[in-house]
Each structure stands twice: as C-alpha cells, then as structure tokens.
Number of protein chains: 2
Amino acid sequence: MAEAKFLIIKQFITRQIESRVWAENAKVPSENELANQFGVSRMTARRALQELTDEGVLTRTQGLGTFVASLKSKSSILEIRNIADEIISRGHQHHCVQIKLEAVKATAPVSIALEVEEGSIIYYSQLIHCENSVPLQLEDRFVNPRLVSDYLAQDFSQTTPHTYLSQMAPLTQAHHTIEAITPEPFQCKLLKLSGLEPCLQITRKTWSVKGVVSYARLTCPGTRYRLDSQLTF
Amino acid sequence: MAEAKFLIIKQFITRQIESRVWAENAKVPSENELANQFGVSRMTARRALQELTDEGVLTRTQGLGTFVASLKSKSSILEIRNIADEIISRGHQHHCVQIKLEAVKATAPVSIALEVEEGSIIYYSQLIHCENSVPLQLEDRFVNPRLVSDYLAQDFSQTTPHTYLSQMAPLTQAHHTIEAITPEPFQCKLLKLSGLEPCLQITRKTWSVKGVVSYARLTCPGTRYRLDSQLTF
DNA sequence: ACAAAAAACTTGTATATACAACCCCAAGTG
DNA sequence: CACTTGGGGTTGTATATACAAGTTTTTTGT
C-alpha cells in the first residue's frame, strides 16, 4: 500500500503551493535538488515535475528552471451536449421531426459563417427535437456541400445531423455562442410556444480539418430547456 | 530539426487511428513490439503510449495491454469566464456597484443549495457589474459563513466576490445552469431594462474541499450579453 | 477431468547513465 | 567599452536494466 515515490513528491509540491509556502511564479527546486532531498533518482523527481506541468500546476523552461504556474482566475467550463444524447440519458424518448431538407442560396451572414461565397448553393436542414413528443429544440442548420456532398440524401428522423456529420467529418474545432432571445413568430409556431417566453439560442459552428462543416442555430424554449454542467477541477 | 523519436511514434499511432486502420477498442502494439519496430528502447516507446493515454487517445491496463480509446460522441465545452476578466480583456472598463452586503436568513431553496439549515444565518451580496458604465450583469450571491467568515467585511467595489472567494477557498468543484428567463421587475430596475427583453440567467454553485462555498445567480440582459466560446479538439 | 502451479506477456515503477539544448553570467579578448 | 567565449546549472531526450504487479495461457500434478 506504500505510495509510489513520484506521487509523494507530487503531493509535497502541491502542498507547498496550496499552503502558499511557494508563491505564484516562485522557483521550484530543480530535478537534481528534489532527487537529493527525497533520495530518489533524477528521473523519478523529473516525473513528478513533468506530470504537474502537464496538469498545469507548474511551468518549465529548458535552461531556466521550474516555476509555480500562475493560478489565473479559473474560468469554468460548461459541457454542451448533443441534445439527443441528453434526452436519452434522462431515460426519455427522443425523436426528430424533419421539416426541411433542401439546397438554398447562402445569404450574407450564413455565407460568412460557412466561409463560402454569398449566393452560392449550400444545404439547409430544419428539424425539431422532441422529448416525449414535446418540442424541445428547433435546429436550423447550414452545411457546406463541398465537405458533405450527400447531406440531402439523409433521413434525419433516424439519425441526427450532428451524429451524421461527426461520422463524415471528425470535428477539429467548434465555436459556440449562447444568447437569450425573444423567439420569432415562425419559431413560436414550430415549437408550439405562446410567444412571450424567452428562448435560449445556441449557435454552433464546427470545423473539420478541411474547413467549416456546418453552422447551426439551436433554439430552445427557456421554460423547457436548461443547460447544465457539473465539473471538478 | 529532426523530430524526437517518441513524437514520431505518437504520430504513427494517431495516424493509424485517424485513418481507421486501428478501430475503436482495437489492441495497440505493446511497448516491446513498438520498441522493436521503431528501433528504440522500451522506455521511449512507452513514453509515446503514455502521453497518448494522458491525452485520452489510448487506454492502458496493466497486464492486459494498450487499446484505442472509444471516441465517444464529443460533447463540446463552453468556457464560463469571470465577467470582470471578460470585460477587461475586451479592453473596456469594469466596475461594480455594490447594492447589498448583509447577513440574512436562508430561505428554503437557498439553504438546500448551500447545504445549511433552513433559517440559519448566511451572507448575501448583491451587486451589478458594469461595462463602460452600462449594467451588464446582476449578481446575487449567497455565501456559506462557516467557510468564509469575514465576507461582510469586504469592499466589492474594489475586488469582485469571485476573485475574493477563489483566494480564500480554492475551488474544487462547480455546477452551472443556464436558462433564458423573463426578468423580474426588481431585476429590470437594477439593470435598467425596459422589461420585455429576455435575460440569460446563470446559476453557479461552487465547492471547496470543505463544502459548498457559495451559490450565485447571475442575470444578464440578452441584448447586451452573450456567452462565447472557441475551442479546439 | 479438474485444479493448482508455472510460464509468458503485459504495463508500472525506479535507477543510473549519457548527451543535447538552452539560459545566465562571468571572465577574457579585441 | 563592446563582444566573444566558456563554464555551470537547468531541462529535454534516449538508453539499458531490474524488478513489481496484473492478466492470460500453458503446463503440470492429482
């Protein structure tokens, strides 16, 4: 049950930092110093320092030394899950109602987002995700036809665009914005809303290695949907 | 300029995976096999496998072997930044208007969130974050007095509650929810809103090692504020 | 035939060693 | 003075070796 040596050194270092003995940006003992102090080989001391560096606790620069990383105001992160997974993991039933699936001309804002020429032909899908038959999210999606040529041939009552697209072109990057909006009349109608309730609007732009894959606008009624996230540091 | 040997092996492995030569959960050559194949020592091959494991690309179990990790439907991540940092990084001016800072009795929902007894004394602060003198976020915050005893002695026109709390009790966990709401009259008044515009409401619950530190409700006008995040996989 | 023991293979930890690459500073050089 | 050179300290890469510990397969013993 005796703990590994490099773990003991890691603990020692993190405790020095947490108890403010070693301040931010302070110099940490070198590999050789730690090795002598703890009676281990340099490689073992090195491992402790290296892992803490990978974890963002320390920073190291060759020739200079090892230092306590600046703690920087920890910005939390929120997981944005695929809504289908989310519904299913709640033990509820998910299904899509496909409303539109067609080729359209790119308007100015969409062409900028997709990085294609204004007026060029792109693919557009509109569908509603339902949880136990209640509309939960309206998905308007614009897809780059150069990267996903047979998008229009799909049937999105079976698989969602998101899962289809991630299979076709693995994501390398994503950009999200989240806003609170007052829904447009057509959105109210599709989501069966009275009209006065605010909506969460998530826009999601995704890249693969070859370029912008798709640009989606996800609209969710504020009374029915909520983004949720639990995380540990 | 020649690349390091362990990097070459890492590249080799990731390419096998990306090109679907090695499927999900497939067995990866052992340390010794890779060492022979690439003419390096076992420790070097090991390093490649280890780093890819740390990065979540592979999984390893002692005695069994190394395997391609399941790709799992990539759920994206959104960064929730401290609003003060956010404003400052935009090059704008940030300042707080402290409205309330007092001890109150915990109501039922707050007592549950803070994990204290209903009716017990807790600390409460209410303040507004302004960007260039425009109200951008209303912050209602409830603080556990057992963990942060001198909260009421602070002056939050200088430092924000968030930075003060993270200094006093380093975060170990956080929970967020994001909703779109119609603001209450008192919120409209404080944020100088006309009343009909929807708001983003973020509730943030944070833990330190000793327990629940604080429970905050952040209300932002939908027309002035937007959550934003860019990330690479 | 069944069970226990051993062997073979795997990853995990630890060490000693060598050299490369980089930074800083001081001593020497023009 | 300005510049170069070198030395000492530091992290980075790579190797060979040894043993521990876990899993699977094979062998052995009853």
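Excluded from the calculations below are hydrogen atoms, water molecules and symmetry mates; all remaining heavy atoms, backbone and side chain alike, are included. Per chain, numbering begins at 1; letters A, B, ... match sequence-line order.
In this model, a donor atom of one side chain and an acceptor atom of the other lie less than 3.5 Å apart for A:Tyr164 and A:Asp150.
Separating the CZ atom of A:Phe67 from the P atom of D:dT10 is a distance of 10 Å, rounded to the nearest angstrom. Distance, A:Asn36 CG to D:dG9 P: 13 Å, rounded to whole Å.
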Please tabulate, for the side chains in residues 211-220 of chain A, all donor-acceptor contacts under 3.5 angstrom to protein atoms that are two or more places apart in sequence or on a different chain.
from     : atom 1 : to       : atom 2 : distance (Å)
A:Ser214 : OG     : A:Arg141 : NH1    : 2.9

Under 4.0 Å protein heavy-atom contacts per nucleotide of nucleotides 10-17 of chain C, with B for base, S for backbone only and - for none: BBBBBBBB

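Using a 4.5 Å heavy-atom threshold, the side chains of B:Leu101 and B:Tyr123 count as separate.
The ring-ring contact (aromatic ring centres under 6.0 Å, His included) analysis of residues 13-61 of chain A, with sequence neighbours excluded, yields the pairs A:Phe12-A:Trp22, A:Phe12-A:Phe38.
Note: A:Phe156 and A:Tyr151 meet the aromatic proximity criterion, with ring centroids under 6.0 Å apart.
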